[in-house]
Amino acid sequence: MDVGDGRLLTRIVARDPEALATLYDRYRGVVMAFALRVLRDRAEAEEAVVDVFHQVWRQAEAFDAGRGTVGAWIMTLCRSRAVDRLRARQRRDVVLTHDADDPLSRIASTDPRPDEHAELSLKKKKVVAALAVLSAGQREAIELAYYDGLSHTEIASRLGEPLGTVKTRIRQGMIALRESLGARTEA
Amino acid sequence: MNGRCEQFDELLTLRVLGSLTEDEAARLDEHLQSGCPRCAAELAATSEALGLLPFALPEVRPSEMAKARLMARVRGEAPRTSSPRATAAWWQVAAATLVAAALGALGGGFSVGRKSEALVAALHARLDEQSAELATLRRQVFQARDAVRMASAPGVRVVELAGQQPMPGASARVFWDPSSDTWQLYAANLPPPPAGKTYQLWLITGTQKISAGTFGEGAASAGQIRVPADAGTVIAAAITDEPEGGSPQPTGSILLLGKL
């Protein structure tokens, strides 16, 4: 059977590159999907994926099992790396005129054969089900904040909604998401 | 843990999303550092819930190069902690020993050593990041320049290639500029060619299959092709897998195909 994430992390702390390789193979599909969703550029998303796992290698000691799962920790690292890159790119956009809706960026589509890993596909099902509980508006607002790194004010102007409405949606969406995830993970 | 705690809920979400203003961050930190268990737990739960969101995305596989780069970086680093010490000149060792002894006498040796080690590690990490970023930027500038030139040149033909039986999920877009005899290709979901094989792009006329050259992995490739005047009209483009170095005429299976 598979070695658990926690064990892999222990081996990574002990400087075992094979453990990092195993963890990489396990999460690469999700991390890449995440980075690509944020950055919408395949080359840059791959750079971010490498950075994320390099950070896992360097900071494995900092992971605190009491505060959450390894998967969520990796996603937290990924989000900050990807959003940092996104913001850096927005700052230099003047030069490159990179368009996030560039069809060339978008032809990098999804993997038809996702990595097989029983625990992950179970997790995937749970999250998809939990997201289905949210209203379209709540989901949209949360995704704009999470994936596009927008502040509440930026989301409000993007959606043409009052700031208060956006705040309420995110807040209620988060409550619903957590309830739904909590109910499902404990079940 | 008091009634005021709920006012921090919004800030906790913003903290996880990384969009706190400085004032808000200071306010929240002050509260968290006061040791409020309720808000610490809330922060962890919010972070965990948001950290699960990406699992709902359809997975995308990075290229094999990404893993190779990661492992090279990691393996290249392993000796870093020990080798500078091993190769240090005697006077460096002596000086370090003296300094350490002096600091040790002051009771601060350990933490200073740890701090400078952490600083060196942080600087290394930063350097790595910046070199990587520079390389990405450089590549993007070239790609963007070429892409703009290609997409805006008059007479450029665009071909959409769809994955065939062996890899139905693959797709590619080829820009072919007959006036400069150049092409560019942007591929998606095209796995790296198997060992000993390469991909080869062909332009197909009613009578001929003309090689446009080979390419390996990576989302973007470019090359040159000259279609002879007597070859007839180009009606399609195809990608096959061929032995390394390519073939004069296609021998492998047609992996992607598109009509002009």
Side-chain angles (χ1 to χ4, degrees), chain A residues 15 17 20-21 24 28-34 36-37 42-47 49-51 53-54 57-58 67-69 71-73 75-76 78-80 83 88 96 98 104 107-115 120 123-124 127-128 131 145-146 149 151-152 167 170-171 174 177-178 181, chain B residues 9-10 13-14 16-19 43-63 65-67 69-71 73-75 77-78 121 125 128-129 132-133 135-137 139-141 143-144 147-148 167-173 186-189 218-220:
Chain A
R15 310 277 84 177
L20 183 71
Y24 175 88
R28 62 180 172 186
V30 183
V31 176
M32 180 67 183
F34 189 6
L36 193 58
R37 169 66 184 78
R42 207 177 162 99
E44 208 174 356
E46 276 191 4
E47 296 287 342
V49 172
V50 173
D51 284 349
F53 284 95
H54 189 216
W57 174 254
R58 285 185 286 131
R67 287 173 52 190
T69 57
W73 178 62
M75 296 313 142
T76 307
C78 181
R79 183 177 183 278
S80 73
V83 170
L96 277 182
H98 189 288
L104 292 185
I107 60 169
S109 58
T110 55
D111 190 341
R113 294 149 297 137
D115 296 333
L120 283 202
K123 197 175 250 181
K124 196 177 272 289
V127 181
V128 171
L131 280 171
Y146 191 64
S151 70
H152 288 190
K167 284 186 173 176
I170 290 186
R171 202 174 139 61
M174 280 307 299
L177 182 65
R178 276 178 52 186
L181 282 171
Chain B
D9 284 352
E10 191 184 323
T13 307
L14 290 175
V16 177
L17 294 171
S19 47
L43 183 64
T46 305
S47 167
E48 182 73 19
L50 284 171
L52 287 170
L53 285 189
F55 288 93
L57 297 171
E59 290 189 18
V60 183
R61 185 174 294 206
S63 75
M65 271 314 287
K67 185 175 183 183
R69 280 206 306 277
L70 170 71
M71 297 318 288
R73 235 196 250 184
V74 162
R75 294 210 161 91
E77 253 167 36
D128 282 352
E129 275 164 27
E133 169 138 19
T136 312
L137 266 176
R139 206 172 54 238
Q140 284 178 342
V141 170
Q143 278 177 6
V148 166
M167 42 179 76
S171 63
R173 181 174 296 170
Y186 297 87
N189 287 322

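Throughout, protein chains are lettered first and strands after them, A, B, ... in sequence-line order, and every chain is numbered starting at 1.
Under the 4.5 Å side-chain criterion, counting only non-hydrogen atoms from C-beta, Met32(A) is not in contact with Arg61(B). Counting heavy atoms from C-beta on, the side chains of Val74(B) and Arg15(A) never come closer than 4.5 Å. Looking at Leu177(A) and Leu53(B), their side chains come closer than 4.5 Å, going by heavy atoms from C-beta outward. The side-chain heavy atoms of Leu50(B) and Arg79(A), taken from C-beta on, include no pair separated by under 4.5 Å. For the pair Leu57(B) and Val30(A), the minimum side-chain heavy-atom distance is 4.5 Å or more. With a 4.5 Å cut-off on side-chain heavy atoms, Arg73(B) and Trp57(A) do not count as touching. In this structure, Glu133(B) and Glu47(A) have side chains that are not in contact, with every pair of non-hydrogen atoms separated by 4.5 Å or more. Counting heavy atoms from C-beta on, the side chains of Arg37(A) and Val60(B) never come closer than 4.5 Å.
Remark: side-chain polar atoms of Glu59(B) are not paired, donor with acceptor, to backbone N or O of Ala33(A) under 3.5 angstrom. Put simply, the side chain of Lys124(A) never gets that close to the backbone of Ala56(B): no donor and acceptor are under 3.5 Å apart.
Of the listed residues (Met75(A), Glu46(A), Lys123(A), His152(A)), the greatest number of heavy-atom pairs within a distance under 4.5 Å of chain B belongs to Glu46(A).
The shortest heavy-atom contact between Leu70(B) and Val50(A) is CD1-O, 3.6 Å. Residues Pro17(A) and Met71(B) come closest through the heavy atom pair O-CE, 3.2 Å. Minimum heavy-atom separation, Glu48(B) to Ala72(A): OE1-CB, 3.3 Å. Annotation for Ser63(B) and Tyr24(A): closest pair O-OH, 4.4 Å, computed over non-hydrogen atoms. For Tyr146(A) against Gly51(B), the heavy-atom pair with the smallest separation is OH-CA, 3.8 Å. Of all non-hydrogen atoms in Ala49(B) and Met174(A), the two that sit nearest each other are CB-CE, 4.4 Å.
Distance OG1/Thr13(B) to CD1/Ile170(A): 8.0 Å, rounded to 0.5 Å.
Ion pair Asp51(A)/Arg69(B) not flagged as a salt bridge, since none of the NZ, NE, NH1 or NH2 atoms sits closer than 4.0 Å to an Asp/Glu carboxylate oxygen.
Heavy atoms closer than 4.5 Å to chain B are found in both the backbone and the side chain of Thr69(A). With a threshold of 4.5 angstrom between heavy atoms, Arg171(A) approaches chain B through side-chain atoms but not through N, CA, C or O.
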